[in-house]
Amino acid sequence: MRHLLSATALAALLALPAGADTLTIVHVNDLDRMEGSGDAGGVARLATVVNQVRAEGGTVIVTSGGDSISPSLFSGFDQGAHMIDLLNQVGLDAMVLGNHEFDFGPDVAEARIAEANFPVLSNNAMEEDGTLLDGVTEHLMIEVGDHTVGLFGLTTASTAVKSSPGPVTFRDPVEIAAEMAETLQGEGADMVIALAHTDLGEDAELYQDAPVDLILSGDDHDVRVQYDGRKALIESGSQAEFVTVITLDMATVEGRRGPEFTWEPSFRLVNTADVTPDETLAAAVAVYEAQLSEALDVTIGSTDVDLDTRRTTVRSTETGFANLIVDAMAWATEADVAITNGGGIRADRTYEAGTELTRRDVMSELPFGNKTILIEVSGDDIRAALENGVSEIEEGGGRFPHVAGMTFSFDASKPAGERVGDIMVGGAALDPAKTYRLATNDFMGKGGDGYAMFADKPRIVDANSGALMAAQVIRYIENAGTVAPEAEGRVTRLD
């Protein structure tokens, strides 16, 4: 998470015109974990901030930059319904659709929209007939004293590849922003705000080219405040660890050509590590956490074969359970190949054939909350990754590679970096120059366990958009009912 605050934004803290109409916005984005992260964030702390700001009086709106119904663990069970309920209780005033709102398909997205007591916006998410998604609010007009603020929504166009929107398509955010600004101004808006779940590149284009005054963003999990004297952009990190409070003072002044609308912002960044959770929302979260605990002890399938996840096994050789994990990753992402590290498999146990598998079993094996990312790599990158994976086998290194969609051999008697051979992908010899779609976990994707060759590769699905590995494995087992994964020669040791 990056923290950026421009010099002009800091200067704006001191610019407060007298006698202005004032709108206060409480903005949060990318809040999908009801409990937050450690000692900060979550809906209960957000509720405290919201209640405190509203107690100060004046016109207040609470906005969300999207990505709330997924990808938390509980969302794998209720498809995000708990988050809509909790945000209803917080008293959200507007939310934009993020890419994760489509993780379970457009029908679920529309069901969650229908459950929301607040308007859900997206002016560029289009049904097949060219209309907005069912239930979406086209825009909001907010009266603030003598002035009117228009608010509309934008969803990142990359949702088409990062999520599962089905037939829903996404028009260019900058193009839609121009259209909506004209519409809102035509309806009397003095100021235009885009509530935008858009990535860094789209944010830059909107900031540079879109005829809007304020962009309330999400998607990148950054803490950002930009202001250049005419336009501002805000993003509040993720999980409500930080909440941004924006005060907009608006006035109509006499200019050279008659009355002119002016506005000045001020920004307050709230670190919720210093915030006491709201008791009502904390109690509501506790109820859902209890339900989650019960949900984990649900049988999802069974195994017809013995499974071994002992530390010494998963860090040294191909195993059935590890194959199950990478198969699930490849299945969920439609990857050409998948790879994960044995050190991420942690329960250190065995399962006898006939064992009923539960959600808790999978969570115990994959406890780190890693997400599956999908990246583009070359054949040379795959070879380098496999060499890295077997480079510390003598020490039981956690980087040992488990793979799907490919096979390889290695000789540990050779020097590290010269051990791997006979790499086959999809039944054909590895092509060093070919581009492959590779699924891996986000830890390895950022270079963890020595997989530096993945760190700078193009992301098809990045960590912000990826689903939990554990949730993918759970769905894979549920879909199969009975599994029988075995070591089948994907990894052959020659020495």
Side-chain angles (χ1 to χ4, degrees), residues 1 27-37 41-43 46 63-87 92 94-116 118 120-122 124-125 133 135-136 153-166 168-170 173 195-200 202-203 216-222 235-241 332-333 369-374 439 442 459-472 474-475:
M1 179 172 64
H27 182 62
V28 68
N29 53 271
D30 299 276
L31 170 58
D32 63 85
R33 294 200 299 268
M34 59 185 174
E35 72 282 7
S37 178
V43 294
L46 172 61
T63 60
S64 167
D67 270 9
S68 280
I69 76 165
S70 176
S72 70
L73 177 60
F74 200 6
S75 72
F77 306 139
D78 77 344
Q79 299 180 318
H82 69 289
M83 284 302 299
I84 297 298
D85 175 44
L86 293 169
L87 292 173
L92 211 62
M95 172 178 163
V96 67
L97 291 173
N99 52 281
H100 279 303
E101 270 65 66
F102 292 92
D103 282 357
F104 306 107
D107 291 343
V108 170
E110 291 179 357
R112 297 292 86 82
I113 292 169
E115 293 162 1
F118 46 84
V120 178
L121 307 169
S122 180
N124 67 321
L133 203 66
V136 162
L154 298 169
T155 303
T156 176
S158 62
T159 301
V161 295
K162 294 198 296 189
S163 192
S164 303
V168 178
T169 57
F170 301 86
L195 186 57
H197 189 89
T198 42
D199 62 30
L200 277 173
E202 291 166 331
D203 283 346
L216 301 172
S217 191
D219 186 62
D220 304 299
H221 296 208
D222 292 339
E235 188 168 354
S236 300
S238 64
Q239 308 307 341
E241 293 178 4
T333 59
N370 289 119
K371 297 180 181 180
T372 300
I373 65 171
L374 185 63
D442 57 342
R459 266 53 176 163
I460 302 172
V461 177
D462 63 13
N464 291 342
S465 306
L468 291 168
M469 285 176 63
Q472 292 173 334
I474 288 169
R475 291 199 301 273

Donor-acceptor contact below 3.5 Å, side chain Glu202 vs main chain Ala157: yes
Rounded to the nearest 0.5 Å, how far apart are OG of Ser68 and CE of Met34? 13.0 Å
Between Val96 and Asn29, is a side chain to side chain contact (heavy atoms under 4.5 Å, CB included) present by the stated rule, with each step listed? CA-CA 9 Å; Val96 67; Asn29 53 271; over 6 Å; no
From CG (Leu216) to CG (Leu195), nearest 0.5 Å: 6.0 Å
Stepwise side chain to side chain contact (heavy atoms under 4.5 Å, CB included) check, His100 with Thr159: CA-CA 8 Å; His100 279 303; Thr159 301; over 6 Å; no
Any chance the side chains of Asp203 and Thr198 put a donor and an acceptor closer than 3.5 Å? yes
Verdict with supporting geometry, Asp32 and Met83, side chain to side chain contact (heavy atoms under 4.5 Å, CB included): CA-CA 7 Å; Asp32 63 85; Met83 284 302 299; 5.5 Å; no
With sequence neighbours left out, write down each residue that passes salt bridge (charged side-chain N to carboxylate O under 4.0 Å, His left out) with Asp30, or none if nothing qualifies. none
Do Leu200 and Asp222 have side-chain heavy atoms sitting under 4.5 Å apart? yes
Taking side chain as C-beta onward, heavy atoms only, is Leu97 less than 4.5 Å from Ile113? yes
Can you see which heavy atom on Ala160 is nearest to which on Pro165, and at what distance? CA-CG, 3.9 Å
Does a side chain donor of either Thr156 or Asp219 reach within less than 3.5 Å of an acceptor in the other side chain? no
Exercise: identify the closest heavy-atom pair between Thr372 and Val461: O-CG1, 4.3 Å
In Å, rounded to the nearest 0.5 Å, how long is the span from CG of Asp67 to CD of Gln239? 9.5 Å
Would you compute the distance between atom CG of Leu154 and atom OG of Ser217 and round it to the nearest 0.5 angstrom? 9.5 Å
Once side chain to side chain donor-acceptor pair (under 3.5 Å) is applied, do any residues pair with Thr333, and if so which ones, sequence neighbours excluded? none
Grab the two heavy atoms, one from Ser75 and one from Ser70, that are nearest each other, plus how far apart they are. OG-CA, 3.7 Å
Between CG of Asp78 and CZ of Phe104, what distance do you get to the nearest 0.5 Å? 8.0 Å
Side chain to side chain contact (heavy atoms under 4.5 Å, CB included) between Val43 and Leu31: does it pass, once the steps are laid out? CA-CA 8 Å; Val43 294; Leu31 170 58; 3.9 Å; yes
His197 vs Glu101 side-chain heavy atoms within contact, under 4.5 Å: no
Under the 3.5 angstrom rule, does the side chain of Thr63 hit a backbone N or O of Ala94 as a donor-acceptor pair? no
Note: Leu92 and Ser64 closest approach over all heavy atoms is CD2-CB, 3.8 Å
Contacts of type side chain to side chain contact (heavy atoms under 4.5 Å, CB included), residue Leu468, not counting sequence neighbours: Leu73, Lys371, Ala471
Please report the shortest heavy-atom distance between Asp199 and Ser158, naming the atom on each side. OD2-OG, 4.2 Å
Considering all heavy atoms of both residues, which atom of Gly98 and which atom of Thr155 are nearest to each other, and what is their separation? C-CG2, 4.2 Å
Main-chain N/O of Gly42 paired to Glu35 side chain as donor or acceptor, under 3.5 Å: no
Under the ring pair (Phe, Tyr, Trp, His ring centres under 6.0 Å) rule, collect the residues that match up with Phe170, sequence neighbours excluded. Phe102
Suppose we screen for ring pair (Phe, Tyr, Trp, His ring centres under 6.0 Å). Which residues come up paired with His82, at least two apart in sequence or across chains? Phe74, Tyr288
The criterion is side chain to side chain donor-acceptor pair (under 3.5 Å); which residues satisfy it with Glu115, sequence neighbours excluded? Arg112
